[in-house]
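Chain naming here is simple, since letters A, B, ... match the order of the sequence lines and numbering starts at 1 in each. No hydrogens, no waters, no symmetry mates; every other heavy atom, side chains included, goes into these values.
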Amino acid sequence: MRRTQAFIPTTKEAPNDATLPSHIFLARAGFIAQVASGLYNYMPLAKRVIKKIENIINEEMAAIGAQEVELSFVTPSELWAESGRIEKFGKELLRFKDRKENLFVLGPTHEEMMVDLVRNRVTSYKNLPLHLYQIKTKFRDEARPRFGLMRGREFIMKDGYSFHATKEDLDREFDAVEAAYKKILTRLGLDFRIVEADSGAIGGSGSKELMVLADSGEDTIAVCSKCEYGANIEAAQRSARKTIPEAPEAEFNKFLTPNVKTIDELAEFFKIDPYYTIKAVAKRVIWEDSSEIVVFYLRGCDTLEEVKAINATEALDIVDASEEELKEIGLVPGFIGPLDQDKAKHVIDSDLKDAKSMICGANEQDYHFIGVDLGVISEAAYFADIAQVNEGDICPHCDGELSFTKGIEVGHIFKLGTTYSSALKAEFLDENGKAQPFIMGTYGMGVSRLVAAIIEQHHDENGCIWTKQSAPYMVNVMVSNIKDEAQMALGEELYANLKNIGVEVMLDDRKDRFGFKMKDAELIGFPYTIIIGKELANGNVQIFDRASKEKTTVASDAIFEKIMELIK
RNA sequence: CGGGGUGUAGCUCAGUAUGGUUAGAGUACUUGGUUUGGGACCAAGGGGCCGAAGGUUCGAGUCCUUUCACCCCGACCA
């Protein structure tokens, strides 16, 4: 492509609403243009990058035997009613009616559609397993779209679905997809981590997220310093502490603690480590058709992980409870404890099972119990893992320490089981001629989000730094002064030769000056720029490496071989 | 959905407290010329329903009412 002919509207200034590097640079370098909140136009450069990513995905999917399909973007609302997700998704589903007043939904993900496609078409165990996928625009009417391509309402997602006769076969496919996803991200040149994720109410034994490591990531992940373990903080586990603070010595007793309400105050009052205090977190827990106050008890040094709390109570949602609500049912804010307390349901963190020498609220104004042994209530109580892991906690798989890092979720693979096949009555006949629902897996990868993730991880103050596998063009041939006939002639020759053997090459044949074109090349982020400039008088040109920012001088008659070697 | 902010040239923004010639700058664009190794210079141009609707006024970018859009923090997010 000749730069004079290319539609690449670069700008010196960023749009006023861009905050993330990927958003700023993709907009400034002429990759994307915002249309409305969460909606973007892809211009030629972005389109090329997207195709690169799609090609890699297609190759790796083909390698594990998945077949590409393309399902309708407009989906009948009946399917969503059938699975029950029309309510679960709520306002995120964009609905509309056609001229005949039929209700439709723009597809936010395609489990229902895919199950509908397969049901009654695949009816025998002999035709399983089956893995179908598509790369397609999705629409979710997000409450708050943000960060450019990172969280749009309309986005491109690769979504795959597999159908199996047995759980073992699903496990095999799940592992194969995980390996394929690993290859895709590796080929794209990304630094990533596969982490364990929350399986949510759907349950199922496996849910993993692929996180591209970047400070701007919206997810917090806990990773082990020693082993491969990583998990979304919503699902992260830990081993019991190895070094525990010295326990306070006290007989069981009720103790006057005037105005000592917070954990900090309590620890200070008794001069003990918060490890030995019991924190009571009261929340209003909402189920489908009821709601009530539930108290969650944790060690004072821990915090409640709401996703775990939702799973433990099988709730739809959990919201903060006001002091008034607590007083109404007879709880004493600041002095709530698990002993002698029958006003509200409670859940106790499993780390507190059989805990001794504890201090907790006495459910009476200005009193705490000391020397509490939770062993006495173990029988009746409901224990569950509801605590968020802390940095420095021990890895559940080895003796390494956990630390936190930020990640961008670019993929999510999930063992669905029979959730959707049962709901949609998608069944096959097994070897005994008995009808069984398909055992399913679902595998998502955010293609447009990957475009942003690549830049979040690969940029500097001057712009994008595309990896070789993702670059819109591999080589930029820059003629410093187009009025110089020798420079221009060499530029044309190189451009033609590279193009002829299939190298993706841009010829910067604009009238502008050296500095302007260099800034532009850095902003767009071509991996290599061949500078044909004043050095040509000495028979030399230069290769500018975008990632290292180094310029290498090369004899002009050797440049073709040299660049071919670099881009291999 | 709560809280905050912003809408003026393609883009980034002045101008609005106190209403008053033809609404400005930088950048981008067009033409001509000079320049040519890190976002050049000179000159001449084109480009605006001041987000929208209604109102107050002799007169509204500026004041009042309504509304829409976009952004940020939070809630939400298979």
Looking at residues at least two apart in the chain, or sitting in another chain, which of them share a salt bridge (Lys or Arg N to Asp or Glu O under 4.0 Å) with [X]?
X: A/E328; result: none
X: A/E60; result: A/R187
X: A/K308; result: A/D385
X: A/R546; result: A/D460

Base, sugar-phosphate, or nothing for [X], non-hydrogen atoms under 4.0 angstrom?
X: A/E112; value: nothing
X: A/I482; value: nothing
X: A/P9; value: nothing
X: A/K517; value: nothing
X: A/M478; value: nothing
X: A/A18; value: nothing
X: A/D484; value: nothing
X: A/K138; value: nothing

Between [Y] and [X], do the side chains contain a donor N or O and an acceptor N or O under 3.5 Å apart?
X: A/T220; Y: A/K406; value: yes
X: A/E209; Y: A/N232; value: yes
X: A/S162; Y: A/E173; value: no
X: A/Y528; Y: A/K562; value: no

If you compare every side-chain N and O of [X] against the phosphate oxygens of [N] (OP1, OP2), does one of them come in below 4.0 Å?
X: A/T19; N: B/rC71; answer: no
X: A/N481; N: B/rG37; answer: no
X: A/Q34; N: B/rC71; answer: yes
X: A/R144; N: B/rC1; answer: no

Closest listed nucleotide, where the reference is the side chain of [X] and the choices are [options]:
X: A/R513; options: B/rU35, B/rG37, B/rC76; value: B/rU35
X: A/E92; options: B/rC77, B/rG37, B/rU34; value: B/rC77
X: A/K91; options: B/rC71, B/rC1, B/rG37; value: B/rC1
X: A/A143; options: B/rC70, B/rC13, B/rC76; value: B/rC76
X: A/K534; options: B/rC70, B/rG37, B/rC76; value: B/rG37
X: A/D17; options: B/rC70, B/rU35, B/rC73; value: B/rC70
X: A/S37; options: B/rC71, B/rG37, B/rU34; value: B/rC71
X: A/F147; options: B/rC70, B/rC72, B/rU36; value: B/rC72

Starting at [atom1] of [X] and ending at [atom2] of [N], how long is that distance when rounded to a whole Å?
X: A/E218; N: B/rA75; atom1: CD; atom2: C1'; answer: 14 Å
X: A/H23; N: B/rC11; atom1: NE2; atom2: P; answer: 13 Å
X: A/R151; N: B/rG74; atom1: CZ; atom2: P; answer: 12 Å
X: A/D320; N: B/rC76; atom1: CG; atom2: P; answer: 9 Å
X: A/F155; N: B/rC77; atom1: CZ; atom2: P; answer: 15 Å
X: A/D508; N: B/rU36; atom1: CG; atom2: C1'; answer: 14 Å
X: A/N16; N: B/rG7; atom1: CG; atom2: C1'; answer: 9 Å
X: A/R153; N: B/rC71; atom1: CZ; atom2: C1'; answer: 14 Å

Which residues share a ring-ring contact (aromatic ring centres under 6.0 Å, His included) with A/H23, sequence neighbours left out: A/Y40
Please enumerate all residues that pass ring-ring contact (aromatic ring centres under 6.0 Å, His included) together with A/F438, with sequence neighbours excluded. A/F163, A/F428
Is the distance between the ring centroids of A/W466 and A/F31 less than 6.0 Å? yes
Say you pick atom [atom1] in [N] and the same atom in [M]; how far apart are they, in whole Å?
N: B/rA40; M: B/rU21; atom1: P; result: 38 Å
N: B/rC50; M: B/rG32; atom1: C1'; result: 34 Å
N: B/rA9; M: B/rC49; atom1: P; result: 9 Å
N: B/rG46; M: B/rU30; atom1: C1'; result: 7 Å
N: B/rG51; M: B/rU62; atom1: C1'; result: 16 Å
N: B/rA53; M: B/rA60; atom1: C1'; result: 15 Å
N: B/rA17; M: B/rC29; atom1: P; result: 36 Å
N: B/rU22; M: B/rU67; atom1: C1'; result: 31 Å

Is A/D175 paired with A/R172 through a side-chain N to carboxylate O contact shorter than 4.0 Å? no
Any stem touching RNA chain B, meaning at least three consecutive Watson-Crick or G-U pairs under 3.5 Å, ordered by first number, would be B:1-7 with B:68-74, B:10-13 with B:24-27, B:29-34 with B:40-45, B:51-55 with B:63-67
Does the pair A/E196 and A/K208 meet the rule for a salt bridge (Lys or Arg N to Asp or Glu O under 4.0 Å), with working shown? CA-CA 5 Å; A/E196 289 175 19; A/K208 290 187 178 178; 6.0 Å; no
Any N or O donor-acceptor pair under 3.5 Å from the base of B/rG39 to the side chain of A/R28? yes
Establish whether the base of B/rC71 is bridged to the side chain of A/R146 by a donor-acceptor pair shorter than 3.5 Å. no
Using the side chain to side chain contact (heavy atoms under 4.5 Å, CB included) criterion, which residues pair with A/E485? Sequence neighbours excluded. none
Under the salt bridge (charged side-chain N to carboxylate O under 4.0 Å, His left out) definition, can you give me all pairs with a residue in residues 31-48 of chain A, not counting sequence neighbours? A/R48-A/E504
Pairs where residues 131-151 of chain A contributes a residue and the test ring-ring contact (aromatic ring centres under 6.0 Å, His included) is met, not counting sequence neighbours: A/H131-A/Y443
Summary of protein contacts for nucleotides 23-30 of chain B, nucleotide by nucleotide, where a base hit scores B, a sugar-phosphate-only hit scores S (4.0 Å, heavy atoms): ---B----
Report all interatomic pairs (protein N or O, nucleotide N or O of nucleotides 41-45 of chain B) with separations under 3.5 Å.
none

